[in-house]
Number of protein chains: 2
Amino acid sequence: MNIGTVSVKSGLPAKTIRYYEDIGLIRPDRRDNGYRDYSMEDVHRLRFLQRSRSLGFSVEECRQLLSLYSDRDRESAEVKALASTKLSEIERKIVELQGLRDMLRHLVANCHGDNRPECPIIDGLSGKAPVH
Amino acid sequence: MNIGTVSVKSGLPAKTIRYYEDIGLIRPDRRDNGYRDYSMEDVHRLRFLQRSRSLGFSVEECRQLLSLYSDRDRESAEVKALASTKLSEIERKIVELQGLRDMLRHLVANCHGDNRPECPIIDGLSGKAPVH
DNA sequence: TGTCCGCCTTCCAGCAGGTGGAAGGTCAAG
DNA sequence: CTTGACCTTCCACCTGCTGGAAGGCGGACA
């Protein structure tokens, strides 16, 4: 299977697929003409990567997950631990963003948006005015 | 005021403060000994940067906000527009992350986390098992 | 057989937004 | 006078790609 096909199947740009090979995440065969030749196994790994990356796992974390994924004897406890850690990170991030959202909402709501030089957004960001 | 003090006051690492000078976000005085000499105005700008960056504004957006901030005659409408755009981006990001959180939660909840090789997290990530 | 186009290859450079470290100058305390 | 904390510059490196140049390969069509 050529890289273009795999790109479509995995949802990853060809450039990214080659990059993942560079950093040792996959190891496709080569044909006589030098073209990369991907198996369905490779496609699975790439889809795995695409999903994990979009879930917020770093490339290094993906590498770990991938090795657990490939290792039929791995203990699911390890995977669970990794996922749990990531879960709490994501939860923390959501809370943070909600704080930011509330602040911005407040600022936008209180900014008259006309030509007067007073602007609660600017004052809020500079720390001059209390935000909450 | 030396960079170390400003670092504490602004919540930014000294390295980052120098970097912000490099890219023209700030322009502190210099003393005879070559040390940077920051004013309270600089501290305000840096706190502004720290807050805006942590709110998810890009450095370029910060530069715009900062110029609006410095320009006493700017129109707050511009600021409001910038903040509103950022607000909807943040809201979109929150929704995305909530999706990821739900998926991970589901996976973690369904993983027994023992030594058995079956692991719904791995299966979910690889796309073998339906996640929702 | 030529030739066209689209796909494939490698390599090199660059993006954001910093961070780390080396090599050396400065200042205040003891 | 030395020690140690702080400051300076400079250059390289990080993540996770992305873009572009230059050239090879494969199948369709004339």
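Every chain is numbered from 1 and lettered A, B, ... according to where its sequence line falls, protein lines coming before strand lines.
Taking side-chain N and O atoms only, A:Tyr19 has no distance below 4.0 Å to OP1 or OP2 of D:dT15. Taking only side-chain nitrogens and oxygens, A:Arg18 never comes nearer than 4.0 Å to OP1 or OP2 of C:dC8. Using a 4.0 Å cut-off, some side-chain N or O of B:Asn33 falls inside it from OP1 or OP2 of C:dC27. Taking only side-chain nitrogens and oxygens, B:Arg30 comes nearer than 4.0 Å to OP1 or OP2 of D:dT9. Listed pair A:Thr16 / D:dT18 meets the phosphate criterion, a side-chain N or O lying under 4.0 Å from OP1 or OP2.
Within 4.0 Å (heavy atoms only), B:Arg31 reaches no atom of the nucleic acid at all. No engagement by B:Ile23 is indicated, since no non-hydrogen atom pair under 4.0 Å with the nucleic acid exists. Among the atoms of the strands shown, only primed sugar atoms or phosphate atoms (P, OP1, OP2) are found under 4.0 Å from some heavy atom of A:Arg36.
A donor N or O paired with an acceptor N or O is not found under 3.5 Å between the base of D:dG26 and the side-chain atoms of A:Tyr35.
Both B:Lys15 and B:Thr5 lie near DNA chain D, and the one whose nearest nucleotide falls closer to the 5' end is B:Thr5.
Taking atom CG on B:Asp37 and atom P on C:dC27, their separation rounds to 13 Å, with Å as the unit. Counting to the nearest Å, the P atom of C:dG18 and the CZ atom of B:Phe57 are 15 Å from each other. For the pair A:Ile17 CD1 and D:dG19 P, the interatomic distance rounds to 15 Å; values are reported in whole Å.
Side-chain atoms of A:Ser39 and A:Asp42 form a donor-acceptor pair, as typed in the model, at a separation below 3.5 Å.
Under a hydrophobic-cluster definition in which Ile, Leu, Val, Met, Phe, Trp and Tyr are linked whenever side-chain heavy atoms come within less than 4.5 Å, directly or via other members, B:Tyr19 and B:Leu12 are assigned to the same cluster.
Between C:dC8, D:dC7, D:dC17, one nucleotide has an atom nearer to the side chain of A:Tyr20 than all others, and that is D:dC17.
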